[in-house]
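Report on the structure given below.
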Amino acid sequence: GINAEYMGYIEWFEPSEKALIEAGREFTHPVEELKNINETRVNKLMEYHELMTAQEHDDSEYAQELAEIDRLRTLTASGADQIARLTAGPNESLSMNEVTLSPSLGGGYSASR
């Protein structure tokens, strides 16, 4: 299995380890290197998981924002239709496509044909 394979690598490294120690050289033991690699891998996976969780949350907020925009568009369109009816002459009926809303100087919007 994997443990037997790693034990073989550790035994294989022992002569090098002894030589490095006798020579007074600093080194990182392969077992320690493997632990560091695995820790880095786990940390990256955790960061990715957090990112994806945040993305899902952002998607939910995005969907809520889109729903609010649609709601406001509907309200704006119905308000514009009301303005069109109010500004139409007694025998005229105008659809929203025939009315342009423009910002007025005093604030708000004015309707024109």
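As the structure is a prediction and not an experimental result, all values here were calculated from the model.
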Problem set entry | Interatomic distance, Leu20 atom CG to Glu17 atom CD [nearest 0.5 angstrom] | 8.0 Å
Exercise. Relative to the ring of Phe27, is the ring of Phe13 parallel (under 30°), tilted (30 to 60°) or perpendicular (over 60°)?
Worked result: tilted
Exercise. How many angstroms lie between atom CD of Gln64 and atom CD of Glu68, to the nearest 0.5 angstrom?
Worked result: 10.0 Å
Exercise. If you round to the nearest 0.5 Å, how far is CZ of Arg73 from CG of Leu66?
Worked result: 8.5 Å
Problem set entry | Separation of Glu32 CD from Glu39 CD (nearest 0.5 Å) | 9.0 Å
Exercise. Are the charged groups of Lys44 and Glu47 less than 4.0 angstrom apart, N to O?
Worked result: no
Problem set entry | Separation between CZ of Arg25 and OG of Ser16, rounded to the nearest 0.5 Å | 13.0 Å
Seminar exercise, completed: Rounded to the nearest 0.5 Å, the CG atom of Asn38 sits from the CG atom of Leu34 at a distance of 4.5 Å
